[in-house]
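Below is one structure; the comments refer to it alone.
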Amino acid sequence: NYRLGIAACIAVLVLGGCGKAEMLQKPDGPAEMLSVMEAKEDPAPSPNQGIKISLPQIAYTYTYSFTLPRAHIFDVRKAHLAECEKLGAKRCQVVNMGSTESEYGVDASLALKIDASIARQFGANLNRTVNNSGGEQASESINAEDLSKQIIDTDARVKAKELLAKRLSELLATRSGSVADLVAAERALSDVLEELDSARTLLAALRGRVAMSDMTINYSARPTTSGSLFAPVKGAIESAGATLGASLGSLISFIFTAAPWLLALWGSVKLYKRMGGHWPRLRWPWKRSE
């Protein structure tokens, strides 16, 4: 009995301690309940999660210039165009293509929009076709424009306009208010939707510039000469020929201009000699009668 009593007392003490622990853990009042709920819904971030950092939104523009033999310019451009078409319309698009050909040389161009993730590798591969055709790269430039701020501001504007349009739509759906208020709400909703479309279009264009890089490829004909040793001789001969041709042209023009006067002078000399070396004296009729 003595041992049973001691065991019962220990059990009562243990049960009482558990009850007090539960009472201490249970929040008292709505403020403590709210703090507990917030703690459950928004747990503290672990050190391993880190902070989410948005990458900069940069639009790149690539420009390449190549110098090639005149006969290979259009073949090289055709090969570059085929490489673009092989990637598909979603990764490479032709924007513009033109050429100018004259007696002084040939200039051609090719403008593309290419996936930003492969644009730099695509530009590096252009040299392979050019080198195989006997050409070389004349220049290369890469320009970068940071559009992060514009994209963030435009995205925030789109979200604000969407929220405003939603509230105005709910106001019109409930039909609460006077007729004048409903008409004003309809006009405001129309203006908000128009601004929302404009903001969405601008946002899509900015993101498109980041996703697709602009690339311009220029081709020009390389002057062909027989050699640096004979180039001055060839130039001197061509200059002498041009000078001789100009002189002959001037002489022919002078002959055709002076021919009538030379013929008249020659006839006068022949007539003078036939008259014995002197011209006949003229006698007037009134002097003869006297």
Side-chain angles (χ1 to χ4, degrees), residues 42 45-46 48-66 76-99 108-130 137 139-173 185-219:
D42 300 324
S46 63
N48 297 328
Q49 288 180 353
I51 301 173
K52 184 178 180 181
I53 301 175
S54 59
L55 296 176
Q57 304 294 314
I58 300 177
Y60 290 95
T61 302
Y62 300 85
T63 304
Y64 298 94
S65 297
F66 298 102
V76 172
R77 186 178 68 172
K78 186 177 180 181
H80 291 167
L81 182 61
E83 291 293 331
C84 176
E85 293 176 347
K86 188 186 299 183
L87 294 174
K90 291 184 178 180
R91 306 185 72 186
C92 186
Q93 304 167 6
V94 178
V95 178
N96 187 20
M97 185 171 60
S99 61
S109 62
L110 179 63
L112 306 174
K113 276 190 174 297
I114 189 166
D115 190 346
S117 61
I118 61 172
R120 189 162 299 186
Q121 184 62 38
F122 184 87
N125 293 336
L126 296 175
N127 286 309
R128 181 177 55 195
T129 308
V130 173
Q137 181 174 326
S139 64
E140 175 185 1
S141 66
I142 302 176
N143 295 325
E145 183 181 0
D146 192 355
L147 302 177
S148 303
K149 187 178 183 303
Q150 298 183 40
I151 291 177
I152 292 173
D153 294 344
T154 307
D155 187 35
R157 183 183 176 188
V158 168
K159 292 179 180 178
K161 294 298 180 182
E162 288 176 347
L163 181 59
L164 181 57
K166 181 180 179 180
R167 291 177 178 176
L168 290 173
S169 300
E170 292 175 354
L171 178 63
L172 292 174
E186 289 181 355
R187 292 179 179 176
L189 179 60
S190 177
D191 294 339
V192 168
L193 290 177
E194 184 177 354
E195 294 176 0
L196 180 59
D197 291 339
S198 177
R200 284 174 176 171
T201 302
L202 178 59
L203 182 61
L206 292 173
R207 288 176 175 172
R209 290 182 58 189
V210 174
M212 301 290 286
S213 300
D214 294 328
M215 181 175 292
T216 302
I217 310 171
N218 298 314
Y219 311 88

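It should be emphasised that the depicted structure is a prediction, and the values quoted were computed from it without experimental measurement. The chain is numbered in sequence order, starting from 1. Note: hydrogens, waters and symmetry copies are ignored here, and every other heavy atom, side chains too, is used.
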Fill in the blank from the handout: Here the gap from Arg91 atom CZ to Ser117 atom OG, rounded to the nearest 0.5 Å, amounts to 5.5 Å

Please report, to 0.1 Å, the donor-acceptor pairs under 3.5 Å made by any side chain of residues 189-207, with sequence neighbours excluded.
residue, atom, partner, partner atom, Å
Glu195, OE1, Lys161, NZ, 2.5
Arg200, NH2, Glu162, OE2, 2.9
Thr201, OG1, Asp197, O, 2.8

Exercise for the section: Decide yes or no for His80 and Val130: does some side-chain heavy atom of the first lie under 4.5 Å from some side-chain heavy atom of the second? Expected result: yes

Practice task
Compare all side-chain heavy atoms of Tyr219 with those of Leu110 and state whether any distance is below 4.5 angstrom.
Solution key: yes

Practice task
Take Val76 and Phe66 through the side-chain contact (heavy atoms from CB on, under 4.5 Å) test and state the conclusion after the steps.
Solution key: CA-CA 10 Å; Val76 172; Phe66 298 102; over 6 Å; no

Completion exercise
Rounding to 0.5 Å, atoms CG (Leu81) and CE (Met97) come to a distance of 5.5 Å

Handout entry: Which atom of Met212 lies closest to which atom of Gln93, heavy atoms considered
Key = CE-NE2, 4.1 Å

Completion exercise
CG of Leu126 to CE of Met215, rounded to nearest 0.5 Å, is 6.0 Å

Problem - Validation row: Ile114, Tyr62 side chains within 4.5 angstrom (heavy atoms) - result: no

Handout entry: Asp214 side chain reached by Lys113 side chain, heavy atoms, under 4.5 Å
Key = yes

Problem - Glu170/Arg167 ion pair, N-O < 4.0 Å - result: no

Problem - Taking every non-hydrogen atom, the tightest pair across Gln57 and Ser148 - result: N-OG, 2.7 Å

Practice task
May I ask you to say whether Arg157 pairs ionically with Asp153, meaning some side-chain N is under 4.0 Å from a carboxylate O?
Solution key: no

Completion exercise
Heavy-atom closest pair (Ile58 atom, Val210 atom, distance to 0.1 Å) is O-CG1, 3.7 Å

Practice task
Locate the shortest heavy-atom distance separating Arg77 from Ser99; write the atom from each residue and the value.
Solution key: NH1-CB, 4.0 Å

Practice task
Report yes if some heavy atom in the side chain of Leu112 is under 4.5 Å from a heavy atom in the side chain of Val94; otherwise report no.
Solution key: yes

Exercise for the section: Give the intermediate values and the outcome of side-chain contact (heavy atoms from CB on, under 4.5 Å) for residues Ile142 and Arg120. Expected result: CA-CA 9 Å; Ile142 302 176; Arg120 189 162 299 186; 4.3 Å; yes

Handout entry: Sub-4.5 Å side-chain heavy-atom contact between Glu83 and Asn125
Key = no

